[in-house]
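Structure first, commentary second.
Throughout, protein chains are lettered first and strands after them, A, B, ... in sequence-line order, and every chain is numbered starting at 1. Remember, it's a predicted structure, so these values are computed and weren't measured experimentally.
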There are 2 protein chains.
Amino acid sequence: MKNFETMSYDELLKEFKGILKANALKFTKQRETILSTLYNNPKHFTSECLYLLVKQKHPELNIGIATVYRTLSLLEENGLVSSISLGAQGKKFEIANKPHHDHLICSECGKIVEFENEQIERLQQQIAEENGFILTDHLMQLYGICSECQKKKEDGD
Amino acid sequence: MKNFETMSYDELLKEFKGILKANALKFTKQRETILSTLYNNPKHFTSECLYLLVKQKHPELNIGIATVYRTLSLLEENGLVSSISLGAQGKKFEIANKPHHDHLICSECGKIVEFENEQIERLQQQIAEENGFILTDHLMQLYGICSECQKKKEDGD
DNA sequence: ACCTTTTTGATAGTGATATTCATATCTTAC
DNA sequence: GTAAGATATGAATATCACTATCAAAAAGGT
Ligand SMILES: [Mn+2]
Ligand SMILES: [Mn+2]
Ligand SMILES: [Zn+2]
Ligand SMILES: [Zn+2]
């Protein structure tokens with residue numbers, strides 16, 4: 001799998017076009033708009049949320065929700081976006097042009113903080129090996145109360 | 001939250017009855033059967049899978065799938081069962097009478113291996129603190145290929 | 001520009017889970 | 001033990017996020 005860390009938008013776009021060509025797929029306004037929207041708003045998007053934003057900023061496209069789902073799947077399959085599953089709160093997508101990281105999530109307000117920890121990654125690898133597994137992926141989400149929500153709670157009491 | 005580690009079934013049942021009473025809820029055959037089925041088959045159950053098992057072993061109850069969902073939610077809310085979300089493969093439940101652990105999952109055959117790692121737990125706590133969060137929970141799942149599926153793949157090639 | 005293929009948006013369909021509601025069952029007070 | 005008042009139940013229906021279908025539109029190789 002290619003590494004898209006710190007890629008500029010032009011590089012990302014070129015990469016995307018290459019993937020499309022390699023798979024006999026077509027480069028469309030909808031696909032490009034979704035990629036650029038993800039790039040220019042580097043936050044964690046719900047499918048629905050991304051759909052609404054594209055619809056609002058590019059009404060002339062008259063984009064359909066199905067296309068958003070399709071394009072997100074396509075981008076994820078090819079490693080250009082990654083997703084995190086938040087159980088009840090649904091699935092969120094982000095562009096994959098930054099180093100691997102995991103997420104710290106506030107259960108009160110939904111705020112998401114990204115972090116990376118070399119040491120944990122090594123331990124995960126080690127655990128897999130000890131159990132005879134070849135590690136291919138992992139999911140790590142920490143849940144808690146962010147400092148702002150802690151304050152709010154104190155004030156409320 | 002109470003700690004249900006290594007509780008016997010009688011203790012667990014007593015705990016459950018206490019929770020029900022405290023919330024003005026009733027002790028029913030369906031609820032008891034679901035708890036005991038989880039206790040006596042300490043594996044990771046899909047809602048559907050648990051429903052089928054109870055239906056088969058206790059046909060006289062004529063249990064409905066809705067009751068299984070309702071009871072699992074009730075048990076989870078009160079910490080007597082815990083669940084893991086496996087994205088596409090759905091949600092699995094297990095009884096919470098053993099120490100905290102995380103899961104190593106084979107992407108090929110769905111096998112689940114449980115593990116615990118003190119060191120990672122400490123690092124998670126530390127990461128939360130560094131970001132001003134009070135850590136309340138975490139989710140860690142490692143995905144890979146188990147040794148059997150590795151062998152199968154070799155033979156297949 | 002033409003022709004073929006892929007993509008699209010609207011719509012309908014899906015599967016897991018939630019809700020509704022009339023009936024059954026449980027709990028408490030006698 | 002029974003009656004009264006409560007909650008729980010199963011069957012049916014609804015919901016929600018997502019996927020499949022399909023006719024029309026757009027892409028892109030020539
Ligand atoms: Mn992120
Ligand atoms: Mn487990
Ligand atoms: Zn918060
Ligand atoms: Zn396997």
Review point. Which comes earlier along DNA chain D counting from the 5' end, the contact point of B:R31 or that of B:Y51, where each point is its nearest nucleotide?
Key: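 The answer here is B:R31.
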Exercise for review: For A:E32, check side chain to side chain donor-acceptor pair (under 3.5 Å) against everything at least two apart and list the hits.
Suggested key: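 A:E32 satisfies side chain to side chain donor-acceptor pair (under 3.5 Å) with A:Y9 only.
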Review point. Does anyone know the first and last nucleotide of DNA chain C in reach of chain A, 5' to 3', at under 4.0 angstrom to a heavy atom?
Key: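 Answer, 5' to 3': C:dT5 to C:dA10.
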Exercise for review: Could you tell me whether A:E60 and A:K29 have a side-chain N and a carboxylate O separated by less than 4.0 Å?
Suggested key: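 Here A:E60 does not pair with A:K29 in a salt bridge, since their nearest N and O are not under 4.0 Å apart.
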Point to revise | Side-chain N or O of A:Y69 closer than 4.0 Å to phosphate OP1/OP2 of D:dC18 | key: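 A:Y69 to D:dC18 OP1/OP2: side-chain N or O found under 4.0 Å.
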Check your understanding: OP1 or OP2 of D:dA8 less than 4.0 angstrom from a side-chain nitrogen or oxygen of B:R70, does that happen here?
Key ->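 The answer is no; no side-chain N or O of B:R70 sits under 4.0 Å from OP1 or OP2.
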Review point. Looking at DNA chain D, which of residues 16-27 of chain A put a heavy atom within less than 4.0 Å of it?
Key: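 Result for residues 16-27 of chain A: A:K26, A:F27, sorted by number.
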Check your understanding: Near DNA chain D, which residues from residues 60-68 of chain A have a heavy atom under 4.0 Å away?
Key ->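 Contacting residues: A:A66.
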Point to revise | Bending between helix ends of the helix from C:dA1-D:dT30 to C:dC30-D:dG1 [5 pairs per end, 10° resolution] | key: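 Roughly 40°, once rounded to the nearest ten degrees.
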Point to revise | Distance-minimising heavy-atom pair for A:T136 and B:G144 | key: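 In terms of heavy atoms, the two residues are closest at OG1-CA, 3.5 Å.
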Review point. Taking CG from A:L52 and P from D:dA17, how many angstroms apart are they, rounded to a whole number?
Key: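 In whole Å, D:dA17 P and A:L52 CG are 12 Å from each other.
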**Study point:** Sequence neighbours excluded - ring pair (Phe, Tyr, Trp, His ring centres under 6.0 Å) pairs with any residue from residues 75-106 of chain B
**Key:**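 Non-adjacent pairs meeting ring pair (Phe, Tyr, Trp, His ring centres under 6.0 Å): B:H44-B:H103, B:H100-B:H138, B:H101-B:H103.
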Practice item. Could you check whether A:E48 gets within reach of a base, just the sugar-phosphate, or nothing at all, counting any heavy atom under 4.0 Å? Key: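 Here A:E48 touches no strand at all.
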Review point. Donor-acceptor pair, B:E15 side chain versus B:M7 backbone, under 3.5 Å?
Key: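 Looks like no, no N/O pair under 3.5 Å.
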